[in-house]
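The sequence lines fix the lettering, A, B, ..., with proteins before strands; numbering per chain opens at 1. Predicted, not measured: the structure shown is a model, and the values here were computed from it.
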Amino acid sequence: MAKVTIDGIEVEVADGTTILNAARQIGGEVVPPAMCYYSSLKDTGGKCRVCLVKVTQGSAKDPRPMPKLVASCRTPVMDGMVVQNITSPEVLEARKGVVEFLLLNHPLDCPVCDQAGECDLQNLSYEHGVGKTRYEEDRRTFEKIDIGDKIKLHMTRCILCYRCTFVADQLTQERVHGVLNRGDASEISTYIEKAVDNDFSGNMIDVCPVGALTDKTFRFKSRVWFTKPLDAHRDCDKCCGKVVLWTKGDDVLRVSARKDQYNEVKEYICNECRYDHKDMKDWTIEGPRHIDRHSVISQNHYEKIDMQKLKLDIDRQLTFQKGKQLPETTNP
Amino acid sequence: MGRQILLEHINVPGINTFDVYRKHGGYASVEKALKTMTPDEVTEEVKKSGLRGRGGAGFPAGMKWSFLDRKSEKPRYLVCNADESEPGTFKDRYLMEKIPHVLIEGMITSSYALGAKTSYIYVRGEYMYIIRILEQAIEEAYAKGFLGKNILGTDYSLDLYVQPGGGAYICGEETALLESLEGKRGNPRLKPPFPAVAGLYASPTVVNNVETIATVCAIVNMGGDEYAKIGIGKSTGTKLISASGHINKPGVYEIELGLPVEEFIYSDQYCGGIWKGRKMKAVVAGGSSVPILPTELILKTAKGEPRLMSYESLSDGGFVSGTMLGSGGFIVMDETACIVRNLWTFTRFYHHESCGQCSPCREGTGWMEKVLHRLEHGHGHEGDIDLLVDVAKKIEGNTICPLGDAAAWPVASAIRHFREEFEYHVRYPEKVKNPKHFELEPFVPAAAAMATV
Ligand SMILES: Cc1cc2nc3c(=O)[nH]c(=O)nc-3n(C[C@H](O)[C@H](O)[C@H](O)COP(=O)(O)O)c2cc1C
Ligand code: SF4
Ligand code: SF4
Ligand code: FES
């Protein structure tokens, strides 16, 4: 086990845990945002750089600070490590820079984007972004293409997190799409159009943090916040069969895997569940889906307040505020 | 000429062939190492020599070798980095073209020290004719029993392969190189793990520059202690410098480390002074990635001491008033050169070569290029200079590999030392629209203009 302090809050975690996951064990505002890391996909992370944090003490044995900001999603904790996330102005400044970079070539077509309301980039820029762009040039654009008969790729919106390539590597028989070209001309693509066709390809849509990969069977049917999400399941011999049904009246508009509070899928679903059962009768309905109150989707949803959870939130907030007022000694 | 170690026999006719090379003492280090030394003894000599990596970072070679995981069950590899793509650097090409066997010899001796049974030379794709030269040399070495099974009758065997790259600067970054060598897209890896633990095919690997490996021959022949006597302080030995730009004698020179910069630029043995009788404006001393310095600071340090061609002296003053020896790409600019135009060219290069994996470099390099493009073409405005400084700062230190830093440093240093030239571009857009603007009317800094009044 290793003891690590993040923004003044101490937590004990298993050896080998990353700083990001240690922060997730604490929860709340000390958790760095993550756009490319995905807990249920091996080897993801390290690319987007939005999770950068400052290590002011490397470990109990070697207390030297790390010379640069590090990607918290890929840096394992050491016993006695001291980390600053939102208590470091340097981290916040660098993160603001990363968000600006991510938005530089992003089309900001949220009003017509299917992902709006459940887009990690939208949430991120809302929390960390700068109001005005300093970029005067034309944004780069790509043609929309069909990479499979059910998936639309809108490359202009892609932030090159590589998550979809890891899905293809780790969940499907073979990967037929990838990154072509280099630098800001890089694009996710297939050599042959509509080449993506296998039982688990639909998960690429769920892991995409932005609206670059969207479900063609759902495109423009409805804004997500007008739909009612329901937890449901069915017996499936290919996958866990546990899904969210996005419904309007009695119609099932879309089926997706369930995401946790960090917008990550833990149990993937097969394409049959996703595309071939858009009928309430095929499913056992468990009840309404809990929607995180940070999300735009939560607008029209009212839930009973969980008093116990509320108390935990308040306690954590108080500890955090105390942590913030710690003397500056941790920051030489 | 000072001491010549690598280029001593460069002008001997036929030195590119095995026989002539052998007649001039070639392959002696292989004989000495394989027949009279253990691998660890060879490594020890390299450590004693103080040899530092010649690829850019200047990391001590012996120390890198000693980090190689020798306990691992997996095979060990030596990979030679011959991707040489840094603008201003062309010394490896010269060495491989003229004396290919010195690299082959160095590869054999070094592979023996590291316990590698298979080694690779990764050459940039544009050097196709070099690849043919190396393959020819390797064939000769196999025929003479210096490669293959039981070299010189010992129980050491080695296979050596040449691998052409696809023509990407980023594949010179050692982990991108390894990815590319494995047949994958050349994206740099996240570190740790370092190649010494998990490199090529996840096996312990050493990656060294061409010049580093070639130098091992001389170190084994003369002994590490003897080699360490050449040079100055921790900058031991000789270094190949690729000199280019507005000088009378551009070319590749072997210098003893510690040579005064002034002597290197103005002596007839080396660059032979600035061409056309002009004055020098600036120098990029170690390849396009290192900070640019104005004449005053390249000839003398901020403390007023003469600046020397050594790792320590060139970096004296840190990034405020110093630079780096880097890969030894020495680019000289005379008074007619435009710093903004030159910087735009460099930045265009980094934009084009970014692998695109991490957001600050992917997006930031393109942004800086566009701002510099408009400044140089007379469409810049007031805020652009500070914007450049800020974008460079947000890239530096925040990326996966050092290409991000390499793109940010030139921008930061050019503005630090030549801010007035950038302001001139904003103030006189019509004048700078002519690409030869400073040739027609050299730029005079305000301080100098005042002095002449
Ligand atoms: C973007 C980038 C490009 C590089 N290109 C080269 C190169 O062309 N040749 C080279 O020897 N080293 C290059 N390097 C440095 C290598 O990563 C590595 O440090 C070097 O090959 C180690 O050899 P050395 O210790 O002998 O110098 C590059 C580094 C970066 C970040
Ligand atoms: S398409 Fe989506 S998941 Fe794939 S790299 Fe782009 S942003 Fe990431
Ligand atoms: S810094 Fe640039 S070249 Fe290096 S990994 Fe990131 S995007 Fe690729
Ligand atoms: S989430 Fe850590 S770098 Fe992207």
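To the nearest 0.5 Å, the span separating CD on B:Glu369 from CD on A:Glu137 amounts to 10.0 Å. In this structure, the separation between CZ on A:Phe101 and OG1 on B:Thr365 is 9.0 Å, given to the nearest 0.5 Å. Note: B:Cys355 SG to A:Lys47 NZ = 7.5 Å, rounded to the nearest 0.5 Å. The line from OG of B:Ser359 to CG of A:Asn105 is 11.5 Å long, rounded to the nearest 0.5 Å.
Using a 4.5 Å cut-off between heavy atoms, A:Val70 does not touch chain B at all. In this structure, chain B has a heavy atom under 4.5 Å from the backbone of A:Leu180, while its side chain stays farther away. Heavy atoms closer than 4.5 Å to chain A are found in both the backbone and the side chain of B:Glu353. Heavy atoms closer than 4.5 Å to chain B are found in the side chain of A:Glu100, but not in its backbone. In this structure, chain A has a heavy atom under 4.5 Å from the side chain of B:His381, while its backbone stays farther away. For B:Thr399, the part lying near chain A is the backbone, with the side chain staying farther off; criterion is any non-hydrogen pair under 4.5 Å. Heavy atoms closer than 4.5 Å to chain A are found in the side chain of B:Arg185, but not in its backbone. For A:Arg134, the parts lying under 4.5 angstrom from a heavy atom of chain B are both the backbone and the side chain.
Counting heavy-atom neighbours within 6.0 Å of A:Met78 CE, excluding the residue itself, gives a total of 12 or less. Atom NZ of B:Lys191 has more than 12 neighbouring heavy atoms from other residues, nucleotides or ligands inside a 6.0 Å radius. Heavy-atom contacts from other residues, nucleotides or ligands closer than 6.0 Å to OH of A:Tyr126 number 12 or fewer. Few gaps surround CZ on A:Arg139; more than 12 heavy atoms of other groups in view lie less than 6.0 Å from it. No more than 12 heavy atoms of other residues, nucleotides or ligands sit less than 6.0 Å from atom NE2 of B:His352. No more than 12 heavy-atom neighbours from other residues, nucleotides or ligands sit within 6.0 angstrom of CG on A:Asp138. Shown here is B:Lys370, whose NZ atom has more than 12 heavy atoms of other residues, nucleotides or ligands within 6.0 Å. Within 6.0 Å of atom NZ in B:Lys234, 12 or fewer heavy atoms from other residues, nucleotides or ligands are found, so the atom counts as exposed in its surroundings.
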Given the rule in the side-chain contact (heavy atoms from CB on, under 4.5 Å) test, do A:Arg74 and B:Ile400 qualify, once you have shown the distances and angles that lead to the verdict? CA-CA 11 Å; A:Arg74 292 287 295 244; B:Ile400 295 176; over 6 Å; no
Item to complete: In sequence, state the C-alpha distance, the side-chain angles, and the governing distance for A:Arg182 and B:Asn187, and then conclude on side-chain contact (heavy atoms from CB on, under 4.5 Å).
Response: CA-CA 10 Å; A:Arg182 196 164 67 199; B:Asn187 277 0; over 6 Å; no
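The choice from B:Pro360, B:Gly356, B:Ala168 that makes the most heavy-atom pairs within less than 4.5 Å of chain A is B:Pro360. Contacts with chain B were tallied for A:Asn181, A:Val50, A:Val98, A:Thr75; A:Asn181 has the most, counting heavy-atom pairs under 4.5 Å.
Residues A:Ala94 and B:Asn398 come closest through the heavy atom pair CB-ND2, 3.7 Å.
A salt bridge links B:Glu363 to A:Arg140: at least one charged side-chain nitrogen sits closer than 4.0 Å to a carboxylate oxygen.
No side-chain donor-acceptor contact under 3.5 Å links A:Glu136 and B:His379.
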